[in-house]
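Single-structure report; data block below.
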There are 2 protein chains.
Amino acid sequence: MNNPPKTVISRRSRPAKEPLSKDLIVKTALELLKNEGSAGLSMRKIAKALDTGPSSLYVYVTNLQELSAYVLDYGLDKVVFPSSQDGSWKTRLFDVLNSYLTVLYESPGIAELSLTTIPIGPHSLAITEYILQRLQEGGIHSTSAAWGADLLLLYASSVAFEQSSRDQKGTTLLAISSSYQSLDAIQYPMIASLRNEMTSSDGEERFRWGLEVILHGILLKQE
Amino acid sequence: MNNPPKTVISRRSRPAKEPLSKDLIVKTALELLKNEGSAGLSMRKIAKALDTGPSSLYVYVTNLQELSAYVLDYGLDKVVFPSSQDGSWKTRLFDVLNSYLTVLYESPGIAELSLTTIPIGPHSLAITEYILQRLQEGGIHSTSAAWGADLLLLYASSVAFEQSSRDQKGTTLLAISSSYQSLDAIQYPMIASLRNEMTSSDGEERFRWGLEVILHGILLKQE
DNA sequence: ACCTGAACACCGTTCAAGT
DNA sequence: ACCTGAACACCGTTCAAGT
């Protein structure tokens, strides 16, 4: 009775006790992030989920910031790149960005990471590279392309974050609504009259609108 | 000698011991945020700066999230609104956004808050109202104006955040550079060839570029 | 009504000690 | 080389007790 058997099945993907590795840590962290939001991304919670102490993680990862970068990139694994038969450069551009958006929607935490963490992992780079190539096909070059890619990704990230933070904290949403309700129509006439347009959350249409604005704007500036 | 005179100079704004108030708390929090970045915005640090315990703050503020919203709004107090003699609607629009950007630059923490916190305070509203009015002057109405105002503010916020997070963590900047240096020109040809354009941080020009892209894009979509 | 101390349930990170 | 326990220096928030 001294050594209790370490055979437990129940838990998600841990047969007996997989050896630690950067990969396993990142994978576990991403799952926590998906399930619990950004609050789930903590060294201690990750360690607990792996049946170990927090200090063990530091063998594979320098700190939480670095781990966050890995988690973000690993989360972007699911972004889909339309192949060259899938329509015009513009369609394909919209489609990657839509895929990117969808991935961020799936877990609010990732959307937040995408705004807060500098994306330098291979998946982030692949997305940027793909966007740059589409822009080039569309005749958008050099600085316009570089800054444009950034702007497009930023826009998608923020739409996702805004959406997800609304879903997350219904309290805050109510706070917003009620604050807009009681808006002084004399002090803020435009906001008051545009209340419905600003709160409208038909994300799809709004997202498309923004992408087109940005794209057309870039194209116009180039001519 | 019972009521000590409230004329003391030495400490920033605390004579002997001012009574607590929401205003004083927010003011202190903002100062901490400016001096120490986002890490300085903690209930315990604010309490310590006010010579009291953290629990005392909860009389005036429901939680850290709410306090953060107040701090953001109070920080936006310094944004300058060009008067109607200051040029075309477009010039004035660019000028508020520039002022907004400058305020965010001054304290990295505020830039982060502006991306993370839902801005519903009076100052935030005033800025949005001002932008909506300029857009209207420029012939941009309803949904375009509502979404456009959001997009413009988002862009400014993110430029400030990106800049400030670079200033803050030189480590990360180095990490980025070196990651771009060793970029596989075969796997990421476009990124490799645009390396200089993407890293270039002449913020001024880039900021203007983005604003013009967005504005022109909106105008184009309206026609 | 306002303020406080103490406690609860958390953090990230380090480091000496074990295997 | 990898893992661990224990410790350090922090968090936000609550709550009974004081004034």
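Chain identifiers are assigned alphabetically (A, B, ...) following the order of the sequence lines, protein sequences preceding nucleic acid strands; residue numbering begins at 1 within each chain.
Partner assigned to D/dG12 is C/dC8, using Watson-Crick or G-U wobble distances below 3.5 angstrom. Summarising the base pairing, C/dA17 is matched to no nucleotide, lacking a Watson-Crick or G-U wobble pair whose two defining distances lie under 3.5 Å. For C/dC3, there is no paired base (Watson-Crick or G-U wobble, both distances below 3.5 Å).
A/Ser56 places no side-chain N or O within donor-acceptor distance of the main-chain N or O of A/Thr52, the cut-off being under 3.5 Å. Within the 3.5 Å criterion, the main-chain N or O of A/Gly75 finds no donor-acceptor partner in the side chain of A/Lys34.
Following rounding to the nearest Å, A/Leu57 (CG) and D/dG5 (P) show an atom-to-atom distance of 13 Å. In this structure, the CG atom of B/Leu50 is 11 Å from the P atom of C/dC3, given to the nearest Å. In this structure, A/Lys22 atom NZ and D/dC2 atom P are separated by 14 Å, rounded to whole Å. Protein atom CG of B/Asp51 is 13 Å distant from nucleotide atom P of C/dC3, rounded to whole Å. C/dC10 atom P lies 7 Å from atom NZ of A/Lys48, rounded to whole Å.
An OP1 or OP2 oxygen of C/dC3 is reached within less than 4.0 angstrom by no side-chain nitrogen or oxygen of B/Thr52.
Salt bridge status for B/Glu106 with B/Lys78: absent, with no side-chain N to carboxylate O gap under 4.0 Å.
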- prompt: What one-letter contact string describes nucleotides 12-19 of chain C from 5' to 3', where B marks a base within less than 4.0 Å of any protein heavy atom, S marks contact via sugar-phosphate atoms alone, and - marks no contact?
  reply: BBBB----
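Cation-pi geometry between B/Arg134 and B/Tyr130 is satisfied (NZ or CZ under 6.0 Å from the ring centre, within 45° of the ring normal). Remark: A/Lys27 fails to qualify as a cation-pi partner of A/Tyr74 under the 6.0 Å distance and 45° angle criteria applied to the six-membered ring.
Residues passing the side-chain hydrogen bond (donor to acceptor under 3.5 Å, both in side chains) test with A/Asp73 are A/His123, A/Ser124, sequence neighbours excluded.
Taking atom C1' on both D/dA17 and C/dC2, the two are 13 Å apart, rounded to the nearest angstrom.
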